[in-house]
Amino acid sequence: MMSRLTVGNIFKVTVALLFFPFMPLLVLMIGVRRSNWKVILEGGLYVALVLAAVALPGNAAQFILSFFVVLGLIAVAGMRSYMLRDLWLHPRTRGPQVMTQSGAVTTPPEDLSSALAWSAALAKRNRSRLPSEAYVSILETCQTLDAVIDAETRQPLGDPQFEYELSATVRDYLPSVLQNYVAIPPKMLETKQASGRTPNEELAEQLQLLAGQAETLHASRHRRTSAELTNTGNFLRERFGHRQGGFDFGIK
């Protein structure tokens with residue numbers, strides 16, 4: 001389960017509420033902190049409109065109008081801050097709990113690679129209970145996610161939304177699907193549930209969705225890496241391309 005109830009987040013929300021007139025500035029700060037140009041422009045627009053409304057000279061009627069304009073901008077900025085919570089209120093991940101044969105309760109580790117290995121090990125321990133297609137799908141999904149984790153470990157993108165989706169998939173979604181399935185008695189695996197599907201059919205569909213999510217994360221990660229390589233190449237060509245043949249450092 002992904003929870004945002006942490007000491008750090010409580011402190012952030014408390015400060016934001018105490019200084020609620022600065023909500024437009026908070027949106028701008030979120031954008032700057034996460035290098036998100038859309039959020040930066042949005043926050044800058046809110047701040048500019050507030051300053052314009054405050055600086056607007058006039059009579060009492062115009063003052064009242066400016067007051068309500070500023071109040072409305074603060075309210076809008078507050079709602080946008082909530083909608084952008086993934087960028088500044090980081091979730092705490094609590095993996096699903098699984099009861100082992102010895103009675104001990106285990107949970108996936110916090111480390112992404114370890115959490116993924118935990119899910120793969122759980123699938124291998126229950127291979128005899130899993131449909132063969134489901135078992136293969138789990139291992140393929142783990143392999144895809146492992147490649148994403150390895151690339152992110154070597155060169156982090158610094159994208160909080162990407163990090164959140166990867167973390168949720170590895171630490172929460174995949175372990176939850178496995179845990180829920182292995183908890184079902186074998187004799188009920190072909191019994192239709194309220195949804196009209198059997199647990200085996202539910203497992204197949206959920207694993208297909210997780211495989212799609214893993215492929216999406218993999219494609220997104222490497223598409224951005226390719227774009228960064230292209231940008232670096234464009235910079236180098238622009239910066240040094242005209243010097244080709246222009247220097248000789250004594251290298252034969």
Side-chain angles (χ1 to χ4, degrees), residues 1-7 9 83 85-86 89-153 159-222:
M1 182 176 73
M2 307 297 291
S3 172
R4 299 180 193 277
L5 192 59
T6 64
V7 175
N9 287 344
M83 295 172 66
R85 60 190 180 278
D86 287 340
L89 297 178
H90 303 297
R92 175 180 58 193
T93 306
R94 291 180 179 178
Q97 294 183 339
V98 177
M99 186 72 70
T100 63
Q101 292 181 351
S102 63
V105 177
T106 60
T107 58
E110 289 295 316
D111 178 70
L112 285 180
S113 295
S114 300
L116 190 63
W118 185 94
S119 294
L122 178 61
K124 292 176 181 178
R125 286 197 303 270
N126 293 276
R127 181 175 183 177
S128 60
R129 296 194 54 193
L130 292 165
S132 57
E133 298 85 354
Y135 180 73
V136 172
S137 177
I138 292 168
L139 295 187
E140 289 178 346
T141 298
C142 288
Q143 186 176 13
T144 302
L145 290 172
D146 185 59
V148 178
I149 294 171
D150 182 62
E152 186 69 7
T153 301
D159 184 343
Q161 185 63 33
F162 180 87
E163 294 172 359
Y164 171 80
E165 292 178 359
L166 178 60
S167 175
T169 302
V170 173
R171 293 175 176 157
D172 187 32
Y173 304 150
L174 180 58
S176 293
V177 169
L178 293 175
Q179 180 238 343
N180 291 336
Y181 182 83
V182 299
I184 300 174
K187 63 181 180 180
M188 295 183 61
L189 294 177
E190 293 297 338
T191 303
K192 289 191 175 182
Q193 307 300 308
S195 63
R197 301 187 185 94
T198 66
N200 281 336
E201 291 171 341
E202 283 285 359
L203 177 66
E205 181 181 4
Q206 292 176 26
L207 289 179
Q208 184 179 9
L209 294 172
L210 285 174
Q213 172 67 356
E215 290 294 341
T216 298
L217 291 169
H218 185 273
S220 175
R221 180 63 179 78
H222 292 284

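Throughout, residue positions are numbered sequentially from 1 according to the sequence presented.
- Note that CG of Leu203 and CG of Leu178 are 7.5 Å apart. Values are rounded to the nearest 0.5 Å.
- For the atom pair CG of Leu116 and OG1 of Thr144, the computed distance is 10.0 Å after rounding to the nearest 0.5 Å.
- Listed by first then second residue, pairs satisfying salt bridge (Lys or Arg N to Asp or Glu O under 4.0 Å) with a partner in residues 193-214 read Arg197-Glu202, Arg197-Glu205, not counting sequence neighbours.
- In plain terms, the two heavy atoms of Leu122 and Gln179 that are nearest each other are CD2-N, 4.3 Å.
- Here Glu133 pairs with nothing under the side-chain hydrogen bond (donor to acceptor under 3.5 Å, both in side chains) rule; sequence neighbours left out.
- The environment of CD in Gln161 is crowded: more than 12 heavy-atom neighbours from other residues, nucleotides or ligands sit within 6.0 Å.
- Note that CG of Leu210 and CD1 of Ile138 are 9.0 Å apart. Values are rounded to the nearest 0.5 Å.
- When the side-chain hydrogen bond (donor to acceptor under 3.5 Å, both in side chains) test is applied to Asp150, the partners found at least two apart in sequence or on another chain are Arg154.
- The closest donor-acceptor contact from the side chain of Glu190 to the backbone of Met188 lies at 3.5 Å or more, if one exists at all.
- Using modelled atom types and a 3.5 Å distance limit, the side chains of Tyr164 and Asp159 yield no donor-acceptor pair.
- Nearest heavy-atom pair, Ala123 versus Tyr135, reported as atom, atom and distance to 0.1 Å: O-CE1, 3.7 Å.
- Closest heavy-atom contact between Leu217 and Phe162: O-CE1, 3.6 Å.
- Here the closest heavy-atom approach between residue Pro175 and residue Asp172 is recorded as CD-O, 3.4 Å.
- Within 6.0 Å of CZ in Arg127 there are 12 or fewer heavy atoms belonging to other residues, nucleotides or ligands.
- Within the 3.5 Å criterion, the main-chain N or O of Glu163 finds no donor-acceptor partner in the side chain of Ser167.
- To the nearest 0.5 angstrom, Tyr173 atom OH is 8.0 Å from Gln213 atom CD.
- Using modelled atom types, no side-chain atom of Asn126 and backbone atom of Arg129 make a donor-acceptor pair closer than 3.5 Å.
- Enclosure of atom CD in Gln143 is not indicated, since only 12 or fewer non-hydrogen atoms of other residues, nucleotides or ligands lie within 6.0 angstrom.
- Between the CG atom of Leu145 and the CG atom of Leu166 there is a distance of 7.0 Å, given to the nearest 0.5 Å.
- Among all heavy-atom pairs drawn from Leu139 and Lys124, the shortest one is CD2-CE, 4.2 Å.
- Judged by distance alone, with hydrogens and angles left aside, the side-chain atoms of Thr141 form a donor-acceptor pair with the main-chain N or O of Ser137 at under 3.5 Å.
- To the nearest 0.5 Å, atom CD of residue Glu140 and atom SG of residue Cys142 are 10.5 Å apart.
- Nearest heavy atoms, Arg171 versus Leu112: NE-CD2, 3.5 Å.
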